[in-house]
K.L.:
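Sharing a structure below in structure tokens format, with a few things to ask.
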Amino acid sequence: MLIPVLVGPLLNPINTTMVSVALAPISRDLGIGASQAIWLVAALYLASAVAQPTMGKLADRFGPKKVFLAGLVVVGVAGVVPEVLTGFGGAVTARVLIGIGTSSAYPAALTTLRQHSARIGKPTPPLVLGALSITSLVSAAAGPPLGGALIARPSGSSSRRCGCPPTGSARRTPTGCRSAPRSTRWACC
């Protein structure tokens with residue numbers, strides 16, 4: 001039980017920080033200014049700020065597993081959105097959906113731990129709560145170097161280079177999508 005609880009919450013922090021190093025190439029590629037490109041970061045932050053407490057309430061009401069799986073479905077939809085909504089609008093929409101979907105993991109993990117503690121009649125060990133916090137912080141800190149390394153890699157890599165879900169988004173990577181239309185190349189970053 002502990003591994004999924006620790007791994008799931010990695011998605012949101014790493015997704016919020018990994019794209020920050022790609023803003024200059026994204027701006028250049030889409031022909032937009034930095035003031036517009038920053039919305040790729042801000043949209044995810046705003047969506048996450050609203051979605052995390054909401055997902056916590058939903059996890060309490062409907063169960064953490066259902067909420068976590070629903071979040072994964074939303075992330076999957078985010079990978080398909082840029083196929084339909086091309087250009088910058090599709091990219092921002094995808095980032096909002098990624099923010100909402102990945103926001104389900106941390107509240108679901110906390111609800112799972114709380115329910116498990118109630119079931120066994122013991123409090124959650126501080127070591128487990130500390131590990132959950134540390135994994136989230138480490139993934140946030142790892143985002144910029146990982147994003148930089150992925151941008152610097154030669155083309156031909158998979159969608160995971162940009163933190164995109166593997167649902168039809170493989171061509172929208174920073175350097176690995178030369179055949180993609182200019183307007184959709186950066187959709188999930």
K.L.:
Is there a continuous path of hydrophobic side-chain contacts, each under 4.5 Å between heavy atoms, that joins L113 to L11?
P.N.:
no

K.L.:
Got a sec, which pairs hit side chain to side chain donor-acceptor pair (under 3.5 Å) with one end in residues 51-65, sequence neighbours left out?
P.N.:
D60-T111, D60-R114

K.L.:
Out of curiosity, L110 CG to M55 CE, how far, rounded to the nearest 0.5 Å?
P.N.:
14.5 Å

K.L.:
Out of curiosity, does F68 fall in the hydrophobic cluster containing V7 (side-chain heavy atoms, cut-off under 4.5 Å, transitive links)?
P.N.:
no

K.L.:
With a 4.5 Å cut-off on side-chain heavy-atom distances among I, L, V, M, F, W and Y, is there a chain of contacts connecting V67 to V96?
P.N.:
yes

K.L.:
Please list all pairs meeting side chain to side chain donor-acceptor pair (under 3.5 Å) that have one or both residues in residues 124-142, counting only residues at least two apart or in different chains.
P.N.:
S117-T124

K.L.:
On a heavy-atom basis, which atom in G99 and which in A51 lie closest, and how many Å separate them?
P.N.:
O-CB, 4.5 Å

K.L.:
My understanding is that only residues two or more places apart in sequence, or in another chain, count here; which of them pass side chain to side chain contact (heavy atoms under 4.5 Å, CB included) with A140?
P.N.:
P13, T17

K.L.:
Honestly curious: do L132 and L137 fall in one hydrophobic cluster under the side-chain, below-4.5 Å linking rule?
P.N.:
no

K.L.:
Pairs of donor and acceptor atoms involving the side chains of residues 71-78, under 3.5 Å and at least two apart or interchain, shall be tabulated with distances.
P.N.:
none

K.L.:
Kindly list each side-chain donor-acceptor pair under 3.5 angstrom involving residues 33-48, sequence neighbours excluded, with atom names and distances?
P.N.:
residue	atom	partner	partner atom	Å
S48	OG	N12	ND2	3.0
S48	OG	L44	O	2.9

K.L.:
When you group the ILVMFWY residues by side-chain heavy-atom contacts below 4.5 Å and let the links chain together, are I98 and L69 in the same group?
P.N.:
no

K.L.:
List for me each residue that meets side chain to side chain contact (heavy atoms under 4.5 Å, CB included) alongside I120, sequence neighbours excluded, and say none if there are none.
P.N.:
H116, K122

K.L.:
What pairs with V138 under side chain to side chain contact (heavy atoms under 4.5 Å, CB included), at least two apart in sequence or on another chain?
P.N.:
I134

K.L.:
Considering non-hydrogen atoms only, spot the tightest contact between S104 and G101 and give its length.
P.N.:
OG-O, 2.9 Å

K.L.:
Taking side chain to side chain contact (heavy atoms under 4.5 Å, CB included) as the definition, give me every residue that meets it alongside P125, ordered by chain and number, with sequence neighbours left out.
P.N.:
V128

K.L.:
Evaluate R95 against N15 for side-chain contact (heavy atoms from CB on, under 4.5 Å), listing each step before the verdict.
P.N.:
CA-CA 9 Å; R95 294 292 291 169; N15 236 314; 3.2 Å; yes

